[in-house]
Amino acid sequence: MNDPFIRLDDLAIGYQGQPVLSALSLTVVRGSFTAILGANGSGKSTLLKTILGLIPPIGGHIHLPANPPAVFGYVPQATDFDPLYLLTGRDVALMGVYGRVKLGRPIPPRERAFVTECLRATGAEEFARQQFAELSGGQKQRILIARALATRPDALVLDEPTAGVDAAATQALLAFISQLHEERKLTILLVTHDLPLVRQHAQQVIWLHQGQVLTGTVANVLTPERMAEIFDIEIG
């Protein structure tokens, strides 16, 4: 549990050379469940995308396991998928195996069977043949988690997976993610605004606030005193 999985060293992140966050140094240990908190525009999604290599860092270094290389299962917000694409939920989940199948080659039966297992594990098998765009928010997120599991990941990276999802589905999704963390020993990076769910499921917190970064355990960070310090308010 103390084995470093991600180490950020004086990292600066942003777009077109303009930093959103800088001087970011922290470690995420293997097998941990880390919640990334902060207001809209604080850099949460930018941080995730930089760690995943989707956007380049402006400065500093990201250290990841190299031998074997780390595999990330990325769960974007469901709204990132254009509803004009006429894909079934199963089509979306099958995207998770593309990294192991050469371009232009048919997907082998064993990989299709594995995707079925992932859909079954997320409780999405029964609606996987429906068009993705027609699914509910909670159903879409279960499909996207199945797609992420199909990559055979070392870590699940989830960008507000409960955005646009009702309270009951939110509870179910977070309980399922927590179950995956426990059973598969996956490292979890979760962007969310839901503090009660963070207290219930996460172990570590990365809080981004006005260009500053606060890290620590849930028990140490999400106290009234520390949260008052973050928001620069006084408790009466």
Side-chain angles (χ1 to χ4, degrees), residues 1 5-6 21 26-49 51-52 72-81 118 121-124 135-149 153-210 212-231 233 235:
M1 186 65 177
F5 182 72
I6 301 168
L21 288 168
L26 58 87
T27 298
V28 175
V29 300
R30 187 181 296 275
S32 62
F33 191 139
T34 301
I36 303 176
L37 305 174
N40 291 334
S42 61
K44 303 184 300 298
S45 293
T46 305
L47 176 59
L48 285 191
K49 290 176 181 178
I51 291 172
L52 292 170
F72 289 95
Y74 178 40
V75 182
Q77 294 184 34
T79 52
D80 289 348
F81 274 73
C118 294
T122 62
L135 299 177
S136 70
Q139 289 173 332
K140 286 178 179 178
Q141 294 299 59
R142 287 181 179 271
I143 291 289
L144 293 177
I145 294 171
R147 184 188 71 151
L149 291 177
D154 302 299
L156 275 181
V157 179
L158 306 106
D159 191 356
E160 297 194 50
T162 59
V165 177
D166 63 43
T170 292
Q171 287 284 353
L173 278 170
L174 264 294
F176 177 68
I177 292 166
S178 192
Q179 180 183 347
L180 288 174
H181 169 247
E182 291 293 330
E183 293 179 354
R184 304 193 181 204
K185 310 304 180 186
L186 293 174
T187 304
I188 306 290
L189 283 176
L190 170 72
V191 167
T192 184
H193 292 281
D194 197 321
L195 292 182
L197 287 179
V198 170
R199 288 189 174 97
Q200 184 178 355
H201 296 286
Q203 299 165 333
Q204 306 290 323
V205 170
I206 300 172
W207 197 316
L208 311 180
H209 181 63
Q210 297 182 354
Q212 303 298 312
V213 181
L214 179 67
T215 64
T217 66
V218 169
N220 290 335
V221 174
L222 298 187
T223 64
E225 294 79 13
R226 293 303 297 275
M227 292 176 66
E229 180 184 329
I230 292 169
F231 291 112
I233 63 175
I235 299 178

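Just so it is clear, the values below take in all heavy atoms, side chains as well, and ignore hydrogens, waters and symmetry mates.
- Here the side chain of Q139 pairs a donor or acceptor atom with the backbone of S136 at under 3.5 angstrom.
- Residues that satisfy the side-chain contact (heavy atoms from CB on, under 4.5 Å) test with T192, not counting sequence neighbours, are L37, L190, D194, V198.
- Considering only heavy atoms from C-beta on, I206 comes within 4.5 Å of L26 through its side chain.
- Atom-to-atom distance recorded for F33:CZ and L180:CG is 9.5 Å, nearest 0.5 angstrom.
- By the 4.5 Å heavy-atom criterion applied to side chains, T122 and I143 are not counted as neighbours.
- The two residues H181 and L186 make their nearest non-hydrogen contact at CD2-O, 3.0 Å.
- G38 and W207 make their closest contact through CA-NE1, 4.0 Å (heavy atoms, listed as atom of the first residue, atom of the second, distance).
- Here the straight-line distance linking atom CG of L174 with atom NE2 of H201 works out to 4.5 Å at 0.5 Å rounding.
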Check: For V157 and I51, what are the C-alpha separation, side-chain angles and deciding distance, and is it a side chain to side chain contact (heavy atoms under 4.5 Å, CB included)?
Finding: CA-CA 10 Å; V157 179; I51 291 172; 6.0 Å; no
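- For H193 against E160, the heavy-atom pair with the smallest separation is CD2-OE1, 3.4 Å.
- No side-chain heavy atom of I6 sits under 4.5 Å from any side-chain heavy atom of T27.
- For R199, the CZ atom sits in a packed shell: over 12 heavy atoms of surrounding residues, nucleotides or ligands are nearer than 6.0 Å.
- Within a 6.0 Å radius of CD in Q212, no more than 12 heavy atoms belonging to other residues, nucleotides or ligands are found.
- Considering CG of L144 and CG of L156, their distance stands at 11.5 Å, rounded to 0.5 Å.
- Nearest heavy atom pair, residue L48 against residue L158, reads CD1-O, 4.0 Å.
- Listed for the T187 side chain is a donor-acceptor partner under 3.5 Å among the backbone atoms of G31.
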Next item on the list: Please lay out, stage by stage, how T34 and V205 fare under the test side chain to side chain contact (heavy atoms under 4.5 Å, CB included).
Entry: CA-CA 5 Å; T34 301; V205 170; over 6 Å; no
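- Considering every non-hydrogen atom in both L173 and R142, the closest pair reads CD2-CG, 3.8 Å.
- Note: R147 CZ to C118 SG = 12.5 Å, rounded to the nearest 0.5 Å.
- Rounding to the nearest 0.5 angstrom, the gap separating the CG atom in L21 from the NE2 atom in H209 is 12.0 Å.
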Side-chain donor-acceptor pairs under 3.5 Å in residues 214-221, sequence neighbours left out?
{"from": "T217", "atom 1": "OG1", "to": "N220", "atom 2": "N", "distance (Å)": "3.2"}
{"from": "T217", "atom 1": "OG1", "to": "N220", "atom 2": "ND2", "distance (Å)": "3.1"}

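- Residues D159 and S45 share a closest heavy-atom pair of OD2-OG, 2.8 Å.
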Next item on the list: Please assess L197 against Q200 for the test side chain to side chain contact (heavy atoms under 4.5 Å, CB included), listing each intermediate value before the final yes or no.
Entry: CA-CA 5 Å; L197 287 179; Q200 184 178 355; 3.8 Å; yes
Note to self: Pair Q141, F176 - check side chain to side chain contact (heavy atoms under 4.5 Å, CB included), show working.
What the structure shows: CA-CA 11 Å; Q141 294 299 59; F176 177 68; over 6 Å; no
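- Looking at heavy atoms from C-beta onward, S32 lies out of side-chain contact with I188 at the 4.5 angstrom threshold.
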